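Remember, predicted model here, so these are calculated numbers, not experimental data. Read the numbers this way: they start at 1 and go in the same order the structure lists the ligands and their atoms.
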Amino acid sequence: MNKNKISIVILAAGKGSRMKSPKAKVLHSICGKEMLYYIIKTSREISDDVSVVVAHQKDAVIASMSRYFNDINFVIQDALNFPGTGGAMKNVNIKNERVLVLNGDMPLLQKNSLDKFFEIQSDIVMSIFELENPSGYGRVIIEDGQVKRIVEQKDATLEELKVQSVNAGIYAFSKKIIEKYIPLLQNNNAQEEYYLTDVISMARNDGIKITPLLVDEEEFKGVNSKKDLSDAEIIMQEKIKNSLMESGVIMQLPSTIYIEEGAVFEGECIVENGCRITGESKIINSHIKAHSIIEDSIVKNSDVGPLAHLRPASNLEDTHVGNFVEIKKSTLKGVKAGHLSYIGDATVDEGTNIGAGVITCNYDGINKYKTTIGKNVFVGSDSQLIAPLTLEDNVMVAAGTTVRSGTIYSGELAVSSSKLRVIKDFYYKFFAKK
Ligand code: UD1
Ligand code: MG
């Protein structure tokens with residue numbers, strides 16, 4: 001399909017009051033990205049002319065989408081004077097002969113399904129599905145096999161409310177239809193809004209054929225509530241994980257794994273049960289063991305966990321990180337940190353062993369400081385490394401040492417533990433007192 005033949009308009013100006021949230025509906029996150037992100041991404045695969053209509057919290061919506069896309073036309077709806085989905089279309093400038101109108105609250109839409117709207121030659125193609133419980137949707141009134149009009153829930157008669165064919169809310173229009181009928185829309189309905197759906201009955205009255213297209217409910221279901229949001233996230237998770245497994249990632253009990261859109265895997269990777277991998281994490285030829293969390297980090301030729309936590313901007317290569325190790329904004333190359341450590345704002349070089357319970361004390365209550373650890377350093381268990389600190393190559397730190405800020409030079413041993421006292425029979429005297 002030629003990208004230049006179709007324009008796309010995404011309606012994203014509504015309040016989304018059913019979400020019961022101070023945040024704009026389309027900015028709620030699904031698998032780490034705002035739901036509007038997904039529909040813009042899919043739209044850009046289909047068209048070079050993508051407009052997004054905004055009004056409610058427009059600055060926040062524009063700012064967050066501008067982080068991902070630089071070629072979107074943002075159109076501002078005059079929501080005060082022209083509220084409703086029809087009002088949203090008023091200021092839109094369409095470049096091509098056909099236009100697909102999408103809703104910003106449909107993050108699960110796929111390109112293949114949207115392509116079908118253009119395979120049909122018709123001035124109006126509208127999406128329909130059948131629901132046992134059609135509540136909340138516009139009902140599609142069909143007579144003699146022809147779509148006559150759409151009645152919104154709040155305007156419907158008792159008879160019309162029983163209709164189970166509903167408007168999924170996605171349409172393909174010829175440009176001339178939009179140009180002719182949008183200016184003619186009226187707001188004499190229960191919500192006093194300008195309904196895009198009224199274009200259907202107006203065009204029909206002028207003898208224009210409306211082509212219904214049956215669509216998949218799960219994919220075209222709008223997100224209107226927080227329950228819908230979590231349902232959509234479950235479906236999106238399945239998609240992300242299935243596609244990763246198809247491309248070669250091994251997952252144990254995938255239903256217990258959470259991986260955000262944007263995480264990338266290369267080579268042979270294993271992800272065990274209960275892991276959470278978020279942001280723009282990149283995992284290359286690595287084994288992520290059970291219940292580990294990786295946030296916005298790179299892991300290459302390494303094994304992590306079980307129960308490890310890599311916080312943002314960690315970069316591991318040829319490294320082993322074990323149980324209860326937390327790493328933040330640190331680069332570890334050829335390192336072993338097997339147990340119970342916190343390594344923050346640090347770089348650690350090849351051949352270095354971080355003993356159990358080692359803590360980089362990177363924060364003095366006001367500022368954060370760096371720790372630099374060279375090659376082949378042996379840091380004994382239960383040591384505190386108070387930053388700013390450099391341990392040069394070939395340094396030893398005795399177990400239980402507190403290394404204060406400064407530099408330990410190559411070849412040196414740092415030891416701060418006090419001399420051991422052994423007091424004979426102390427135990428028996430102590431408990432005899434009781
Ligand atoms: C709309 C349809 C309904 C259909 C349903 C499918 C109308 C009048 N009704 O109802 O027939 O069954 O979608 O999901 O079109 N929006 C704006 N500006 C506004 C109002 C809404 O841009 O002034 C945007 C919203 O951000 C949203 C989309 O339009 O992305 C749909 O709005 P929503 O309020 O969810 O419409 P529904 O009541 O669900
Ligand atoms: Mg809706």
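- Considering both main-chain and side-chain atoms, Tyr137 never comes within under 3.5 Å of ligand 1 through any nitrogen or oxygen pair.
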Give the C-alpha distance, both sets of side-chain angles, the deciding distance and a yes or no for side-chain hydrogen bond (donor to acceptor under 3.5 Å, both in side chains) between Asn167 and Tyr137. CA-CA 6 Å; Asn167 169 26; Tyr137 285 90; over 6 Å; no
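- The closest approach between any non-hydrogen atom of Gly87 and ligand 1 is not below 4.0 Å.
- For a threshold of 3.5 Å applied to N or O pairs, the pair formed by Tyr195 and ligand 1 contains no separation below that value.
- Here atom 2 (C) of ligand 1 lies nearest to Glu152 when heavy atoms of Met126, Met89, Lys25, Glu152 are compared.
- Interface atoms of ligand 1 facing Gly84, defined by a heavy-atom separation under 4.0 Å, are 18 (N), 19 (C), 20 (C), 23 (O).
- Between Tyr171 and ligand 1, not a single N/O pair is under 3.5 Å apart.
- Taking any N or O of Ala13, backbone or side chain, at least one lies under 3.5 Å from an N or O belonging to ligand 1.
- Side-chain atoms of Thr319 and Ser302 include no donor-acceptor pair closer than 3.5 Å.
- Considering Glu326, Arg276, Glu295 in turn, Glu295 is the only one that fulfils the side-chain hydrogen bond (donor to acceptor under 3.5 Å, both in side chains) rule with His309.
- When only interatomic distances are considered, the shortest N/O to N/O separation between Thr197 and ligand 1 does not fall below 3.5 Å.
- Proximity of Ala79 to ligand 1 is not established, as no heavy-atom distance is less than 4.0 Å.
- Ligand 1 has Arg18 within reach: a non-hydrogen atom of the residue lies less than 4.0 Å from it.
- The shortest separation from a heavy atom of Val53 to ligand 1 is not under 4.0 Å, leaving the residue out of contact.
- In this structure, Gly222 falls outside the shell of residues with a heavy atom less than 4.0 angstrom from ligand 1.
- For the ligand labelled ligand 1, residue Asn224 lies inside the 4.0 Å heavy-atom shell.
- Atoms of ligand 1 lying under 4.0 Å from any heavy atom of Ala88, numbered from 1 in the order shown and given with element: 17 (C), 18 (N), 22 (O).
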